[in-house]
Amino acid sequence: MLTAGMLYGLFYIKTGIGIPCVFHKISGLYCPGCGITHMCIFLMQGDIPRAMESNHMLFVLSPFLVYFFADYILRYIRTGKRGMGYWQTAALYCMSAMLLIYCIVRNLLALQL
């Protein structure tokens, strides 16, 4: 997945052609993930401030999401068991709620402009 993401990022940098957000195209509103492609491109280029501007909440939550994903894979490799612990599940639900709240606030602020 990481390789595919990097190849997509390089393709986007070279051509400017990317996958549009269908939710944004139809509704004109931002989804919780809007800006993630630009965030990743800016991170690949080392432009931290612009990466954070692309999607503030995902930028802040990214290290935690990477940790949970890596822990999940390592646990599966070691034990063969799938699933997460209670605290990890609770943390992911909290992060999901934070993304939804961010999405709502982001769209309300955009509508006021």
Side-chain angles (χ1 to χ4, degrees):
M1 284 179 59
L2 183 61
T3 303
M6 295 293 280
L7 289 173
Y8 171 68
L10 292 173
F11 178 79
Y12 181 79
I13 289 170
K14 295 288 184 192
T15 65
I17 300 170
I19 301 169
C21 176
V22 176
F23 182 80
H24 184 70
K25 286 279 186 194
I26 292 171
S27 69
L29 300 172
Y30 297 106
C31 75
C34 275
I36 194 168
T37 299
H38 290 111
M39 181 183 78
C40 292
I41 298 298
F42 292 136
L43 285 174
M44 286 173 56
Q45 295 172 341
D47 192 348
I48 304 298
R50 288 182 70 191
M52 188 169 186
E53 286 175 15
S54 298
N55 191 320
H56 296 87
M57 188 58 66
L58 274 176
F59 184 84
V60 171
L61 294 179
S62 291
F64 300 105
L65 294 171
V66 168
Y67 167 76
F68 286 134
F69 184 68
D71 184 58
Y72 180 86
I73 290 175
L74 290 174
R75 184 178 312 131
Y76 179 73
I77 291 170
R78 280 189 249 135
T79 65
K81 294 181 182 178
R82 296 182 191 174
M84 294 178 282
Y86 172 78
W87 293 108
Q88 288 175 319
T89 303
L92 286 175
Y93 278 121
C94 287
M95 286 188 260
S96 296
M98 290 168 66
L99 275 171
L100 286 174
I101 292 168
Y102 172 74
C103 177
I104 292 167
V105 170
R106 182 184 196 186
N107 283 305
L108 288 174
L109 291 173
L111 290 174
Q112 289 180 0
L113 297 177

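Given the structure is predicted, the values throughout are model-derived calculations rather than measurements.
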Engineer: To the nearest 0.5 Å, tell me how far Tyr72 OH sits from Ile77 CD1.
Structural biologist: 11.5 Å
Engineer: Do Ile101 and Leu58 share a hydrophobic cluster, counting only Ile, Leu, Val, Met, Phe, Trp and Tyr and linking them when any side-chain heavy atoms are less than 4.5 Å apart?
Structural biologist: no
Engineer: Listed by chain and number, what are the side chain to side chain contact (heavy atoms under 4.5 Å, CB included) partners of Ile26, not counting sequence neighbours?
Structural biologist: Val22
Engineer: Hey, can you pull the donor-acceptor pairs under 3.5 Å for the side chains in residues 7-18, sequence neighbours left out?
Structural biologist:
unit_1	atom_1	unit_2	atom_2	d
Tyr8	OH	Ile19	N	2.8
Tyr12	OH	His38	NE2	2.9
Thr15	OG1	Phe11	O	2.8
Thr15	OG1	Ile17	N	3.1

Engineer: Nearest 0.5 angstrom please: Asn55 CG to Tyr102 OH, how far?
Structural biologist: 4.5 Å
Engineer: Sequence neighbours excluded, which residues qualify as side chain to side chain contact (heavy atoms under 4.5 Å, CB included) partners of Cys40?
Structural biologist: Ile36
Engineer: Under the salt bridge (charged side-chain N to carboxylate O under 4.0 Å, His left out) rule, what pairs show up with a residue in residues 76-98, not counting sequence neighbours?
Structural biologist: none
Engineer: Identify the two heavy atoms, one from Gly35 and one from Ser54, that lie closest to each other, and give their separation to 0.1 Å.
Structural biologist: O-CB, 3.4 Å
Engineer: How close do Pro63 and Val60 get, counting heavy atoms only, and between which atoms?
Structural biologist: CD-O, 3.3 Å
Engineer: Drop me the distance from Leu99's CG to Leu61's CG, to the nearest 0.5 angstrom.
Structural biologist: 5.5 Å
Engineer: What residues form a ring pair (Phe, Tyr, Trp, His ring centres under 6.0 Å) with His56, not counting sequence neighbours?
Structural biologist: none
Engineer: Do any pairs count as a side-chain hydrogen bond (donor to acceptor under 3.5 Å, both in side chains) and have a residue in residues 19-30, sequence neighbours left out, and if so which ones?
Structural biologist: none
Engineer: Is there a path of hydrophobic side-chain contacts, each under 4.5 Å between heavy atoms of I, L, V, M, F, W or Y residues, that connects Val105 with Met57?
Structural biologist: no
Engineer: Taking ring pair (Phe, Tyr, Trp, His ring centres under 6.0 Å) as the test, write out the residues that go with Phe68, two or more places apart.
Structural biologist: none
Engineer: Using a side-chain heavy atom cutoff under 4.5 Å and only I, L, V, M, F, W and Y, what cluster partners does Trp87 have?
Structural biologist: Tyr86
Engineer: Let me confirm one number: the CZ-CD1 distance from Arg50 to Ile41, rounded to the nearest 0.5 Å.
Structural biologist: 11.5 Å
Engineer: Please enumerate all residues that pass side chain to side chain contact (heavy atoms under 4.5 Å, CB included) together with Cys94, with sequence neighbours excluded.
Structural biologist: none
Engineer: Under 4.5 Å between side-chain heavy atoms, counting indirect links through other Ile/Leu/Val/Met/Phe/Trp/Tyr residues: same cluster for Met98 and Met84 or not?
Structural biologist: yes
Engineer: Can you list everything that forms a side chain to side chain donor-acceptor pair (under 3.5 Å) with Arg75? Sequence neighbours excluded, please.
Structural biologist: Asp71, Gln88
Engineer: Once you round to the nearest 0.5 Å, how far does CG of Leu109 lie from CD of Gln112?
Structural biologist: 6.0 Å
Engineer: Taking all atoms of both residues into account, what is the closest heavy-atom pair of Cys31 and Cys103, and its distance?
Structural biologist: C-SG, 3.9 Å
Engineer: Could I get the full list of side chain to side chain contact (heavy atoms under 4.5 Å, CB included) partners for Ala51, not counting sequence neighbours?
Structural biologist: Met39, Phe42, Leu43, Phe59
Engineer: Please determine whether residues Leu92 and Leu100 belong to a single hydrophobic cluster, defined as Ile, Leu, Val, Met, Phe, Trp and Tyr linked transitively by side-chain heavy-atom distances below 4.5 Å.
Structural biologist: no
